[in-house]
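Throughout, protein chains are lettered first and strands after them, A, B, ... in sequence-line order, and every chain is numbered starting at 1.
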Amino acid sequence: MAVVHSIVSRATGTRYVLAIIAPRASLPCLKIVQDRRSNAGGSVGRTRVVPGTTEDISRRFVEDIADQDDDFDRWYVDVVKRAELADDAPVRGCKIIRPYGYALWENMQAALDTRIKATGVQNAYFPMFIPESMFQREADHIEGFAPEVVRVTRAGESELEEPLVVRPTSEAIICPMYARWVQSYRDLPILINQWCSVVRWEDRPRAFLRTTEFLWQEGHTCHATPEEAEERARQMLEVYRDFIETELAIPVVPGEKSDAEKFAGAHRTYTVEAMMGGKNWALQSGTSHDLGDHFGRVFDIEFLDRDGERKFAFNTSWGLSHRTVGAIVMVHGDTNGLKLPPRVAPIQTVIVPIWRKEAERDVVEDFVGEIEARLRDNVRLFTDRRDDKTPGWKFSEWELKGVPLRIEVGPRDVQNGQVVLVRRDTREKQSVPVGQLQETINGLLVQIQNDMFQAAQQRLTDMTVKVSTLDEMYERISNNAGFSNAGWCGNAECEKRVKAESHATIRCIPFAQPDDPGKCVVCGDKAQHEVIFARAY
RNA sequence: CGGGGAGUGGCGCAGCUUGGUAGCGCGCCGCGUUCGGGACGCGGAGGCCGGAGGUUCAAAUCCUCUCUCCCCGACCA
């Protein structure tokens, strides 16, 4: 059935496999498939090994995203590019967020922004440039960010009298402004958020997950008491948890960071950690910091309290970035591409009209118009009317782009007054009479959102295992087996050793703790907490 | 910042060992036939071969220098 030849390119060391396949029909089918063992750059557009029968191959004739199990990182890059979420920029480490990816981000922004405002926070905007001297006032802060800070030293034709730092985060410019605005306890609290981009020079960029410039929101609050700041930090973490689980259908583990993993200059750092697909690595998906009065002291945010005492204010900061877009891709995606949660999907339902002859086209088009009129106001809808693509091509395309529901409308459907409705997540098809379409779609979108969350929750549960020995834990880590729960004595040395030996870090100390955390998985002393060890992006 | 690899139409690559003025697949444009799971035929457009210098009658190909990107390691949302 298939004749296979193997050729190794001298130039690149790449092995090519020529598979000549006898097809069902008379058309000869020659497929060049490539075994990627070279590290040559570039990925999109190549063809690859497709095991199976002739039928499989004709079905997946042009398959050019890597297989998830085969090479998950490559799969991620391919999907992001092919689904038109993002593209490479001419500047190192920077990415273009394309309209489809940006529409997704906008939907996420809207949902999160609403939640943030509901807690009494207002939006504002602070400049991206920070005078270097201001940035350097906080020692831990400058030390923490020094390797990745970009400085501007020239403007126009002249050297700047003082270099400007391009914000890697905005504490250093927001806190001095708070110092100016706060005189009395009556001026507190200040609750401000800003949507902006920040710049951190990165060595190993990955679209959405780690780029030189990235989009996020950063909230900065200022309080009269440590209790209030602590409460706010915890409150915003809960906002993130709710947002990520409800809108993105991604289950997370909320908890506290160890000292080593804390934000530079923070009193306490809280995090929500999610488990990605493929390698089951962790992704820090949102963080909230109780900064104590540290930044208040450094930046002179001083006020007269109601007891007549002068005091330094207590701050929090909290951020969630567009790396959560990457989380959606990695948590929900499958071998066919993206799978977007209905609540944030730019297109919730796509209509693919099908016809053979011009006469059919008119009939189908009328019917499609009727369907659009029924659905338009309640569903984010798009009709793919391109006539240079076949329906089959469109099915694959919209699956790749992760649209939750697809409506197929052909002449047969028009005749029966129904449509074929297909779920992206399960690929199940059903025929639905147009009269019931609106109702069915509304129900399915909710169902899909729930099912996606449940599936991710199931995997998180299955892939989180309590370990009691280092060997067991390292075994899991090297097998990409997911999260390992383990006792930890609280000693930074033990944490460091694990990182050096396995690349895994303490992702967080979960809020949900067992009655007895047992013994430290490293040194065997009595454990203070049960923590999650995992590799992270 | 250490180790490895690659730069040739939009994308993926071949050509280089053995110099002779660039080719394939996909994509793109036009026309026609198609269209219920990634269609096909015919006809087109598109490249000073990353850059600079050198050798030569002649350089994508040989030599020197340089830039960029990618992959693997140490740091990070």
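Of the charged side-chain nitrogens involved, at least one lies within less than 4.0 Å of a carboxylate oxygen, so that A:Arg385 and A:Glu372 count as a salt-bridged pair. The pair A:Lys279-A:Asp73 meets the salt-bridge criterion, with a side-chain N (NZ, NE, NH1 or NH2) lying under 4.0 Å from an Asp/Glu carboxylate O. Using a 4.0 Å cut-off between charged nitrogen and carboxylate oxygen, A:Glu399 and A:Lys339 do not count as a salt-bridge pair. Between A:Asp290 and A:Arg232 no salt bridge is recorded (no basic side-chain N to carboxylate O distance below 4.0 Å). A salt bridge does not link A:Asp388 to A:Arg386: none of the charged side-chain nitrogens sits closer than 4.0 Å to a carboxylate oxygen. Under the 4.0 Å criterion applied to side-chain N and carboxylate O atoms, A:Glu397 and A:Lys394 are not assigned as salt-bridge partners. Salt-bridge check for A:Asp87 with A:Lys95: failed, with every basic side-chain N at 4.0 Å or more from each acidic carboxylate O.
For the contact set between residues 405-418 of chain A and RNA chain B, defined by any heavy atom under 4.0 Å, the members are A:Arg406, A:Glu408, A:Gly410, A:Pro411, A:Arg412, A:Asp413.
Taking 4.0 angstrom as the limit, A:His503 places none of its side-chain polar atoms (N or O) nearer than this to OP1 or OP2 of B:rG73.
Separating the NZ atom of A:Lys389 from the P atom of B:rG36 is a distance of 15 Å, rounded to the nearest angstrom. Taking atom NZ on A:Lys95 and atom C1' on B:rC69, their separation rounds to 11 Å, with Å as the unit. Put simply, CZ on A:Arg206 is 13 Å from P on B:rC70, counting in whole angstrom units. Between A:Leu400 atom CG and B:rG37 atom C1' there is a gap of 14 Å when expressed in whole angstrom units. Summarising the geometry, the separation between OH on A:Tyr76 and P on B:rC71 is reported as 13 Å, rounded to the nearest angstrom.
Going from the P atom of B:rA39 to that of B:rG46 covers 28 Å, rounded to whole Å. Across the C1' atoms, B:rA6 and B:rC49 are found 14 Å apart, a figure rounded to whole Å. A gap of 15 Å separates the C1' atoms of B:rG9 and B:rG50, to the nearest Å.
For A:Trp393 and A:Phe395, the gap between ring centers reaches or exceeds 6.0 Å. Taking the six-membered ring for Trp, A:Phe135 and A:His141 have ring centres closer than 6.0 Å.
When heavy atoms are screened at a 4.0 angstrom cut-off, A:Lys257 is found touching no nucleic acid atom at all. In this structure, A:Val198 reaches neither bases nor backbone, as no heavy-atom distance under 4.0 Å exists between it and the strands shown. Residue-level contact check: A:Arg427 touches the bases, meaning some heavy atom is under 4.0 Å from a base atom.
A donor-acceptor contact closer than 3.5 angstrom is absent between the side chains of A:Thr287 and A:Thr269.
Proximity note for A:Thr390 (side chain, C-beta onward) versus B:rC35, B:rA39, B:rG37: the nearest is B:rA39. Closest to the A:Trp393 side chain, of the nucleotides B:rG38, B:rG37, B:rC28, is B:rG38. Distances from the side chain of A:Pro391 to the nucleotides B:rG36, B:rG38, B:rG73 place B:rG36 closest.
Under the 4.5 Å side-chain criterion, counting only non-hydrogen atoms from C-beta, A:Ile506 is not in contact with A:Ile532. Counting heavy atoms from C-beta outward, A:Arg268 and A:His289 have side chains that stay 4.5 Å or more apart.
Residues passing the ring pair (Phe, Tyr, Trp, His ring centres under 6.0 Å) test with A:Phe382 are A:Trp398, sequence neighbours excluded.
Mapping A:Val419 and A:Asp88 onto RNA chain B by nearest heavy atom places A:Val419 closer to the 5' end of the strand. Mapped onto RNA chain B by nearest heavy atom, A:Pro205 and A:Lys357 fall at different nucleotides, with A:Lys357 at the one closer to the 5' end.
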If you restrict it to nitrogen or oxygen atoms, what contacts under 3.5 Å exist between nucleotides 75-77 of chain B and the protein, and what is each distance?
from	atom 1	to	atom 2	distance (Å)
B:rC76	O2	A:Arg210	NE	3.3
B:rC76	N3	A:Arg210	NE	3.1
B:rA77	O3'	A:Gln284	NE2	3.1
B:rA77	O3'	A:Arg323	NH1	2.7
B:rA77	O2'	A:Gln284	O	3.4
B:rA77	O2'	A:Arg323	NE	3.4
B:rA77	O2'	A:Arg323	NH1	2.7
B:rA77	N7	A:Arg200	NH1	3.4
B:rA77	N6	A:Glu202	OE2	3.4
B:rA77	N6	A:Thr211	O	2.9

Could you write out each protein N or O paired with an N or O of nucleotides 30-33 of chain B at a distance under 3.5 Å?
none

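Screening residues 498-511 of chain A for side chain to side chain donor-acceptor pair (under 3.5 Å), with sequence neighbours left out, gives A:Glu273-A:Arg507, A:Tyr474-A:Glu501, A:Arg497-A:Glu501, A:Thr505-A:Arg507.
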Can A:Tyr240 and A:Tyr270 be said to form a ring pair (Phe, Tyr, Trp, His ring centres under 6.0 Å), step by step?
CA-CA 11 Å; A:Tyr240 290 156; A:Tyr270 298 109; over 10 Å; no
Fill in the dot-bracket string of RNA chain B, one character per base: . for unpaired, | for a pair to another strand, ( ) or [ ] for pairs within the strand, taking Watson-Crick or G-U pairs under 3.5 Å.
((((((((.[[[[.)....(..]]]].((((((.....)))))).....[[[[[..)....]]]]])))))))....
